[in-house]
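What follows is a short report on a single structure.
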Amino acid sequence: MTTYKNLIAGEWVESTSGETFANHNPANGELLGHFPSATTEDTQRAIDAAKEALSGWANTPPPARAAILDKASKIIDRRGDEFAKALTREEGKTFAEARGEVNRARDIFHYYAGEGWRVGGQTLPSNIPGELLYTRREPLGVVALVTPWNFPVAIPAWKMAPALIYGNTVVFKPASLSPHIGLLLVEALVEAGIPAGVLNFVTGSGRSVGNTLVSSADVDGVSFTGSYAVGMGIYEQAMKNLTRVQLEMGGKNPTVVLKDAEIAQAVALTVAGGFGVTGQACTATSRVIVEDSIADSFAAALTEAARNLRVGDGLESGVQMGPAVDRSQLETNLDYIGIAQKEGAKLLAGGSRVSDPSTGTGQHGGYFVQPTVFDGVDVSMRIAQEEVFGPVIGIIRARDFDDALEKANAIEFGLSATVVTNNLQQAFHFANRIDAGVVKINQSSSGLALQAPFGGFKHSSANTFKEQGPAAIEFYTRTKTVYVGHG
Ligand code: NAP
Ligand code: MG
């Protein structure tokens with residue numbers, strides 16, 4: 001059994017406490033390895049190392065930084081199957097889903113390597129003769145990346161690649177449920193030649209490692225993706241040092257099905273959005289708002305589709321949906337299913353733990369839950385308001401388009417939203433009036449383009465900086481304005 005290490009100042013090291021935590025496979029309980037429980041001192045050493053390495057990296061020409069990112073992209077490509085298998089084993093999503101995520105990480109490094117050849121400032125017209133007025137993009141400094149388990153390689157990649165290309169040094173803390181794929185990503189950067197101290201990797205609990213990072217006056221930026229509750233706490237800590245913060249948090253994303261929609265297409269998009277990655281996507285569909293006149297046929301077709309999905313170990317071929325990530329998430333899913341029933345929602349499909357394919361008992365090993373559909377959900381119910389983060393979809397019926405839009409917006413979150421319709425006018429009304437940072441028309445609520453800005457509205461985000469694509473430069477750089485009198 002492997003005991004993995006942390007990367008601090010270019011050295012692979014154990015926790016100074018000698019303590020570790022275990023990493024398990026949610027499909028069968030298999031023990032996968034042990035990771036260091038880093039202490040406050042270990043974390044501080046990683047911050048110090050990043051601080052020490054900052055000026056060297058910031059002064060490395062961006063094309064030279066790009067060469068390292070490009071090489072990392074090629075290493076991720078070469079080790080793609082190995083990375084995807086590790087991801088499935090510790091997080092549970094199917095191998096096909098994991099392979100897609102690893103490819104995404106590869107492409108993100110490729111994309112930001114290209115940025116190394118483009119990053120620049122602005123020259124501005126001057127109102128004084130003999131003056132040159134321009135801006136410089138400088139790295140923000142030491143950045144802490146605190147990431148969730150659900151996209152444990154894509155999310156670190158979409159933070160790490162822009163952080164590095166724009167000249168920042170990094171302390172990366174992965175979620176404790178998915179440290180292995182995070183470590184493999186760091187290995188790719190090390191093999192690609194990232195200098196000592198530029199990228200540090202520290203595993204351990206959010207309360208200890210995470211809190212040390214976000215409350216440190218030596219950290220210039222915190223990029224966090226995770227739950228609303230944890231994000232709020234981070235904001236409070238970081239504010240004390242005026243640390244720049246980016247928070248991307250939960251969602252309760254609607255798929256809105258209008259009366260002209262083709263049922264088969266609406267069901268396929270709902271299944272992809274709601275049951276893809278076991279419903280454990282921040283952009284997952286958890287509410288389907290359907291116009292009354294087609295609601296019965298839609299509900300029947302979705303019920304059938306949910307019952308036909310094959311649930312199991314993501315490494316087995318033919319499996320379409322993996323397990324919940326751990327026991328606690330499984331229990332959360334089952335709790336919410338119970339709450340929805342008590343509130344009066346009507347269970348159409350699923351609702352229970354799936355017998356474990358490996359033991360047949362459902363009592364040991366895998367944390368499998370059935371794809372679950374409720375009908376008769378009212379916007380005031382908890383199942384319609386709170387993020388479950390599992391394969392649980394609630395159907396909310398609407399009188400007409402305006403009612404559907406109002407119900408879609410009757411929520412504190414505003415991450416992603418989609419509408420299924422061929423009515424051009426209503427599609428654009430939806431795009432303009434929905435309160436969400438990502439809007440889809442005739443597409444699944446989940447799934448993003450790496451070259452486009454991403455971020456939520458309302459409680460889904462701190463609404464400070466967008467991530468991804470050309471937007472990432474805003475968070476990871478600071479702008480200096482230079483006035484040159486040369487007349
Ligand atoms: P989480 O519990 O909030 O944890 C996220 C990260 O924060 C983990 O690395 C965690 O460490 C760390 N953390 C926990 N407590 C902390 C503290 N007091 N100080 C600093 N860091 C702390 O979220 P999760 O359960 O991993 O992920 C699921 C959530 O992420 C969902 O709400 C989902 O919607 C959201 N999400 C949002 C997006 C988006 O882009 N909007 C994308 C994906 C996921 P430990 O793992 O050690 O606890
Ligand atoms: Mg958590």
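Each ligand, and each atom within it, is numbered from 1 in the order the structure gives. Because the structure is a prediction, the values reported are computed rather than measured. Numbers here simply count residues along the sequence, with the first being 1.
- For the pair V209 and ligand 1, no heavy-atom separation below 4.0 Å is found.
- Proximity of I194 to W57: side-chain heavy atoms (C-beta onward) are separated by under 4.5 Å at one or more points.
- In summary, the atoms of ligand 1 found under 4.0 Å from a heavy atom of S176, numbered by their order in the structure, are 45 (P), 46 (O), 47 (O).
- Of all atoms in ligand 1, numbered sequentially from 1 with element shown, those under 4.0 Å from a heavy atom of N150 are 43 (C), 44 (C).
- Looking at E343 and R382, no side-chain N of the basic residue comes within less than 4.0 Å of a carboxylate O on the acidic one, giving no salt bridge.
- Considering backbone and side-chain N/O atoms, T225 never comes within less than 3.5 Å of an N/O atom of ligand 1.
- Contacts between I234 and ligand 1, counted as non-hydrogen atom pairs separated by less than 4.0 Å, involve the side chain only.
- By the criterion of a heavy-atom distance under 4.0 Å, the backbone of P174, and not its side chain, is placed next to ligand 1.
- Distances between N or O atoms of W149 and those of ligand 1 include at least one value under 3.5 Å.
- Only the side chain of F224 comes within contact range of ligand 1, with a heavy atom under 4.0 Å; no backbone atom does.
- Partner R287 forms a side chain to side chain contact (heavy atoms under 4.5 Å, CB included) with one of I411, I393, I395, T255 and no other, that one being I411.
- Where the criterion is an N or O separation shorter than 3.5 Å, residue side chain and backbone included, T147 meets it with respect to ligand 1.
- A salt bridge between R244 and D220 is absent, with no side-chain N of the basic residue lying under 4.0 Å from a carboxylate O of the acidic one.
- Of the N or O atoms in S227, one or more lie within a sub-3.5 Å distance of an N or O in ligand 1.
- By the 4.0 Å N-to-carboxylate-O rule, E115 lies close enough to R118 to be salt-bridged with it.
- Using a 4.0 Å cut-off between heavy atoms, L415 contacts ligand 1 through its side chain alone, with no backbone atom that close.
- Within the set Q329, E387, K252, the minimum heavy-atom distance to atom 34 (O) of ligand 1 is found for E387.
- Annotation: L177 places no N or O atom under 3.5 Å from an N or O atom of ligand 1; distance criterion only.
- Using a cutoff of 4.0 Å between basic side-chain nitrogens and carboxylate oxygens, K466 and E474 are not scored as salt-bridged.
- The shortest N/O to N/O separation between F454 and ligand 1 does not fall below 3.5 Å.
- Residues S445 and T285 have side chains that bring a donor and an acceptor to within less than 3.5 angstrom of each other.
- Heavy-atom proximity to V146, at under 4.0 Å, picks out these atoms of ligand 1: 6 (C), 7 (O), 9 (O), 12 (C), 21 (N).
- A salt bridge is absent between E11 and K5: the closest approach of a Lys/Arg side-chain nitrogen to an acidic carboxylate oxygen does not fall below 4.0 angstrom.
- The N/O atoms of K173, backbone and side chain alike, include one that comes under 3.5 Å of an N/O atom in ligand 1.
- Contact check for N409 versus L405: side-chain heavy atoms found under the 4.5 Å cut-off.
- The closest heavy-atom contact to atom 42 (C) of ligand 1, among the options G456, G251, C282, comes from C282.
- Looking at R104 and E101, no side-chain N of the basic residue comes within less than 4.0 Å of a carboxylate O on the acidic one, giving no salt bridge.
- Between F21 and H34, the ring centre distance reaches or exceeds 6.0 Å.
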